Each structure stands twice: as C-alpha cells, then as structure tokens.
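Reminder, nothing fancy here: chain letters follow the sequence lines and each chain counts from 1. Just so it is clear, the model here is predicted, and its values are computed rather than measured.
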2 protein chains.
Amino acid sequence: MPEAASRPTLEAVAARAGVSRATVSRVVNGEAGVREALAAKVRRAVQELGYVPNRAARSLVTRRHDAVAVVIAEPETRVFGDPFFALQLRGISKELTARDVQLVLLLMEGRDDHERVGRYLAGGHVDGALVFSLHLDDPLPGIIHGAGVPTVFGGRPGWAGGADSVRYVDCDNRGGAHQAVRHLVGLGRRRLAHITGPLDQTSAVDRLDGYRDLVPDAGPELVAEGDFTLAGGERAMRLLLDRRPDVDAVFAANDVSASGALRVLREAGRRVPQDVAVVGFDDMLPVAEQAEPSLTTVRQEIEGMGRLMAAMLLRGHGRVQDAAAGAGEAGPDRVVLPTALVRRESA
Amino acid sequence: MPEAASRPTLEAVAARAGVSRATVSRVVNGEAGVREALAAKVRRAVQELGYVPNRAARSLVTRRHDAVAVVIAEPETRVFGDPFFALQLRGISKELTARDVQLVLLLMEGRDDHERVGRYLAGGHVDGALVFSLHLDDPLPGIIHGAGVPTVFGGRPGWAGGADSVRYVDCDNRGGAHQAVRHLVGLGRRRLAHITGPLDQTSAVDRLDGYRDLVPDAGPELVAEGDFTLAGGERAMRLLLDRRPDVDAVFAANDVSASGALRVLREAGRRVPQDVAVVGFDDMLPVAEQAEPSLTTVRQEIEGMGRLMAAMLLRGHGRVQDAAAGAGEAGPDRVVLPTALVRRESA
DNA sequence: ATGAAAGCGCTAACAG
DNA sequence: CTGTTAGCGCTTTCAT
C-alpha cells in the first residue's frame, strides 16, 4: 500500500504567509491573540496550500489523540438481528463527530481478544474508551483499570463495587420493568410470565428484579431464561407455554425476544393480545413496529445513551471546553435514564 | 479528561537493557541482525517496564498509521433492521485485527458529512479507506481520488469508468438474480415480479438487470421500486398486488424487503409459496431463517467480502509482507464473488 | 552487529 | 502580539 502523498507542513504555510511557525500554529488552533491582519494572511496560505495538520506530530507533543475507542464485548450472535449496536454507535458517532474526535472500533469475538484489546487500550493510543455489553466475569474492567484509561461503561457494571467506582450510563431497567408489569396488571392479567435476558448482564438481572418486585408470588415456572435473541425468545416461550398453558401475559426482556415469543404464540394458536398480552423492552423501531401484532414496549433512548456516554467521556476535553470549564461544571459520573411505556397492539 | 499516564520510552528500555535506542527499536520491530543475547536482554527490559511503542512518534517518522478508515455512506434508515452493516464490519475487523491495524469508523448521516469525511481522509491520518454504500451521485469518490488515499470500495462503483479505475469487491449481483429467476421459472411460475433496491446503487441495478435478462417480456407493471428496507418492500408488494393481482412469483432485491413482501402477501390472504413464491437476496440469517415462511434466497458471503476488502487494501502493508512480496503476488484489483441459491420454504 | 546523530511536524515556554 | 527555541519518542542513515 503506497504511502500518503507528502503534504505541506506548518513550516511551508509559515513561509508562504511570511510569519513564524508559532503564529501559524496559533491561528490553526484558534488561539486568541493574533492580529486579524496576520491571521487572515495565514488562513489564506493554509487555504492555498491545502494544509492539514499532521495529527501524529501534534499528538506527540500534546499527548492527546482526539480519538476514543469503542469496545463491544460482542455477546456472540446478538449483534445480528438486533440493531441495538448500530444505534448506540450512531449516537456515539454523532457526539464524537461534533467534537472532531475519531472513533476507533474494537470488536471482540473470543477470549483471546481480551488481551489484544487490553494491550491496545493500555498502549495509550486513545484518549478514552467506551465499553459495552460487559458480562459478569469479564476480565476487561480489570485490564482497563490497570491501564488507567478514562472509561465510560454502557450499562451498569456488575462486579462487586463496580457501580460505585466507575462511570456509566444506563437506563432504568428495573423501573422500566415496573412500567411493563403495571401495564399488564392494569389490563387485568393475572398470570404474568417473564422471558429474561442473559443473566450475566446487569440489564437482564435488573429487568428480572423489576418483574419480581411487582409479581412477588410468581412461581419459578413463570420465568424462562432467554438471551436477548429471537431464537432464545422462542425457546423460552415454548417452555412457558409448556409449563403454564394458562399464561395470559408475557413481559420479555427485549423486543427481539418478544418477537420470538409472538411467533411461538401464533404457532400455538394463541391470539395476541386477546389470549396473551405481550410487552417488550427497547422500542427498537424496526422490530417493535413491524412485529405482528406491533409490540407494546418499554422505550429506552439508545441513541441518546450513546451520545451521553461520549459526552461524559469527553467532558473537559478540547481546548475550548477546557477554558470554559474550570468553574465546576463537572456533571455526574453515573446517569440512569428514564424509560417510557409505548403502547401498540400487543398489550 | 485526564491525559494517559506517562509510559516508558524506548530510551528507558535502552538504558535498562544497557544498549542503544537503535537496538531496542530493531528488536521491537522484529528486524533481523541483532545478536540473540542482546535481543533477549532487550525483550526482558521491555517486559519489565511494560513498554509499548508510541504510535504517534512512530507514525511521525514512518508516515504510516496502521489504521484504516471504514466509511459508511449510510443510506438513511437502512442500517437498522438490516444486519448487513454489522456483518461487513465483523469481517473487516477480523482481518484488520489479524494484522494489528486499527479500524476508524466514519459514519455519514447527511450531506455536510461528506466534507468532514473528505477532509479527514485527505488529512492522511489513515493508511487507506474502505468505502460502502455509495450512491450514484456521491461526491466522495472524487474527494477520495483527489486526496490520493488508497481505497477499496464495497460494491462496484457506479460512475462512468469507475469500475475500471478503482479497486472493489462485489458479489455477482446479476448472476445471483439469474439464479433466483431460474429457480422461480423452474417452479413453473409465469408472472414474475421484481422488487428492486434503491436504483442509485449498482447492486440494485445489477439485480434488476439480471431479472430483465431472464424475463425480457416483463411489463413495467411487474417491477416495483423498493429501497432495501422492510417498509419499502411492503410498499412495493402492495403496488404489485394492485397492478397485477395474478402475480405468482416475486424476486426481491434483498431479504429485508422480501420479508416486507411476505407480510403484505399474508395480509392479502395469499399463501406463500402456493399462490406466490418469493425469493430474496443476501441470506441474512436472522431475517431469512426467521421469516414466515422461511425465505428461499440468494446467498452472498458478506462477512467474507469484508475480510477480502481489508486484505486487498492492506496488500503489501506491514514489514513482514513487504519483504515477502516484491516478487509479484499482486492479486487482482477487482473481485466479484459468486452467489448461491439457498432453498427454504418460500419458493 | 551496534551506536551516534539527525530529524519527522508540531506545540509550548520563553523572550522580545 | 510575534518569533525563537527546545524538545515529544521514534526510525533511520551513517559510522564504527
């Protein structure tokens, strides 16, 4: 692969504008205190030469990289069929773009990848990391902590004490579950089942807890473990139908598994919502709106969470903000976003 | 955001190992010609100090970045609900990871983003770019060409002469369409409709051409324009049903729009495949397998295409390869991958 | 085979 | 306000 063509340097711009390198640097970085006449000359020279700063050179001295890593501890097949991942990325990308920070994507497939990712993060090549989809026994947090990389987690961390010691953004999973169950109960349903997510993730555990809060007398046969996938939802629904043919409502831990449930219910000849009411979680539009019947669900602001995570990570980053801050607009280290019930046809 | 903690430098390693910086550099970069005794000392020092090379410093002198940009000219809402994007990314990520090259993700939402992306690419911050989802009038290729960034496109470029002047990886869209149509004809169908993709993308045009090749006498009322989305597929199917209630087969340009068609057919009381046979394109597993009925489709190797693109871009990249190459293992600049029909229930 | 020295392009004191 | 100067950490001739 050929190298990029050599580009004009600060030096060249300085020569052309008849000023020193330092002045050009100031103008390029938008520092105040350069006479407008000179600044204009510099800008013209930049324009004419098509000058673009060399990031490597800049990083070398500033020790900043204007790049953050997004780490997705990809839970197997889940990334597919569930646009969750894409939505998060979109939110993050928007925020980073606005601040002219690059997004370095680190996908992890297997266990060996942990070491690689850890090494990269520890290498100090990015200004921070955004980490998702952590599982309970994941070694990554330890590695990250050791490396001292500023990090914001997507979803409350599950390890002991984790939630108090790190920064994260989450939605109110437990409260959202309450909204779902309350709605179902309000509909007059009495035999409420729950299809969980993978129980090594806090989001799934919290939703289960929320369900239990309001259905304390639910027998274990009313809870079936899923994994946030369609197939998992189907499997769980079959189990549920098998164990409790009289079930009249299902709260699924996400929309994708809810559509799996819908499918099985239809196959089993149950009408939704007449025979069985179904509520999902996420409000993943293409899934929830297109389900048959369309899905009543608990909405969480996924794209917004992505943006927020990026904003939190970059707080105090950048020249302009640095100046503006200082006062004490620190902002919280942990944010839990509210959820909202979205009514459609399934419940 | 705090700066990354200061890490040991080459200098520190050299001091510890009692050698010069140059020697450490050689060992770290795996260059031959260092006595094993010394090399061992250096490696131990590296280990003990936890030394990780500073990429910025390295880039500054080598003018390489060990990073490539992935540009997704995101066609609106399509990225959602269609795991296409995630699969490509996965393939690319695998290949890059294996070569220790970072993936910088550039998502584009609106037109303004073109300028930003162009500027970034032109800035020479990455060693190359992988570009997807280009539309016919996209200014990006021009910008890229001007910037001289090595690039591999995903899908044959559509502009005049583009296909002969740039590197790309594509699947045999036209041949795939032939497979679909032939299958439908083999089933005894006579009134074959086609739901297209967005016709400003070559993949969609090629599939349409393939359809026309084998159904030359198809009236325009048998072709409805879609956009690769579920909603688009539904819209197109309704139109088709309206114009030709006697249609007995549909070839949809991708699986997602095929499932839209399936949904409309079901609503209209048509049985699939008895009344209307349906064939999709992609073999996007979660979509095709879970459709009702499951989708007969034309399979393309999406993840493989991603890997191939990355491999093509990085050909001759890296110290080791540089040495091994030279002979002339150039490899082709344009690859068109074969497709295969996958039979399921819908046709 | 190894070391010394010269930058890569940029920013950040420090002078003036 | 502007210019001068000294590196940031690394690779790479060029000597030895």
- Query: Counting side-chain heavy atoms from CB outward, which of D:dC10, D:dG9, C:dC10 is closest to A:Val61?
  - Reply: C:dC10
- Please state whether the phosphate of D:dG9, meaning OP1 or OP2, lies under 4.0 angstrom from any side-chain nitrogen or oxygen of B:Thr9. no
- Among D:dT11, C:dC10, C:dA4, find the nucleotide with the atom closest to the side chain of B:Thr62. D:dT11
- Message: Donor-acceptor check, side chain of A:His114 to backbone of A:Ala73, threshold 3.5 angstrom: yes or no?
- Response: no
- Whole-Å gap separating C1' (D:dT4) and CG (A:Leu10): 15 Å
- Query: Atom CG of A:Asp66 and atom P of C:dT11: how far apart are they, to the nearest Å?
  - Reply: 11 Å
- Query: Got a donor-acceptor contact below 3.5 angstrom from the A:Ser25 side chain to the A:Arg21 backbone?
  - Reply: no
- Message: Using heavy-atom distances to pick each residue's nearest nucleotide on DNA chain C, tell me which of B:Val34 and A:Val28 is more 5'.
- Response: B:Val34
- Message: Distance check needed: D:dT12 P versus B:Arg64 CZ, whole Å only.
- Response: 9 Å
- Message: Can you tell me if B:Arg63 touches the phosphate of C:dG9, counting only side-chain N or O atoms and a distance under 4.0 Å to OP1 or OP2?
- Response: yes
- Note on the structure: Checking A:Ile92, A:Thr97, A:Val68 against A:Leu103 for side-chain contact (heavy atoms from CB on, under 4.5 Å), the one that qualifies is A:Ile92
- Message: Below the 4.0 Å mark, does C:dA12 have OP1 or OP2 next to a side-chain nitrogen or oxygen of A:Arg21?
- Response: no
- Message: Between D:dG3 and A:Arg26, counting only base atoms on the nucleotide and side-chain atoms on the residue, is there a donor-acceptor pair under 3.5 Å?
- Response: yes
- Message: Below the 4.0 Å mark, does D:dC1 have OP1 or OP2 next to a side-chain nitrogen or oxygen of A:Arg35?
- Response: no
- Is there a side-chain polar atom (N or O) of B:Thr23 under 4.0 Å from OP1 or OP2 of C:dG3? yes
- Rounded to whole angstroms, how far apart are NE2 on A:His125 and C1' on D:dC10? 13 Å
- Does A:Asn29 make a side-chain N or O approach to OP1 or OP2 of C:dT11 shorter than 4.0 Å? yes
- Item | Separation of C:dG7 P from B:Leu60 CG (nearest whole Å) | 14 Å
- Task: In whole angstrom, give the distance that lies between atom NZ of B:Lys41 and atom C1' of C:dA1.
- Result: 14 Å
- Query: For B:Glu11 and D:dC8, what is the distance between atoms CD and C1' respectively, to the nearest whole Å?
  - Reply: 12 Å
- Is the distance from OP1 or OP2 of D:dT11 to the nearest side-chain N or O of B:Ser25 less than 4.0 Å? yes
- Note on the structure: In whole angstroms, the gap separating P of C:dC8 from CZ of B:Arg55 amounts to 23 Å
- Message: Side chain of B:Glu31, heavy atoms from C-beta onward: which of D:dT12, C:dC10, D:dG9 has the nearest atom to it?
- Response: D:dT12
- Please figure out whether B:Ala57 or B:Ser20 has its closest DNA chain C nucleotide nearer the 5' end. B:Ser20
- Any Lys/Arg nitrogen of B:Glu303 or B:Arg307 sitting under 4.0 Å from an Asp/Glu carboxylate oxygen of the other? no
- Looking at B:Ala45 and B:Ala17, what are the two nearest heavy atoms and their distance? CB-CB, 4.0 Å
- Examine distances only and state if a side-chain atom of A:Arg7 and a backbone atom of A:Val52 form a donor-acceptor pair shorter than 3.5 Å. yes
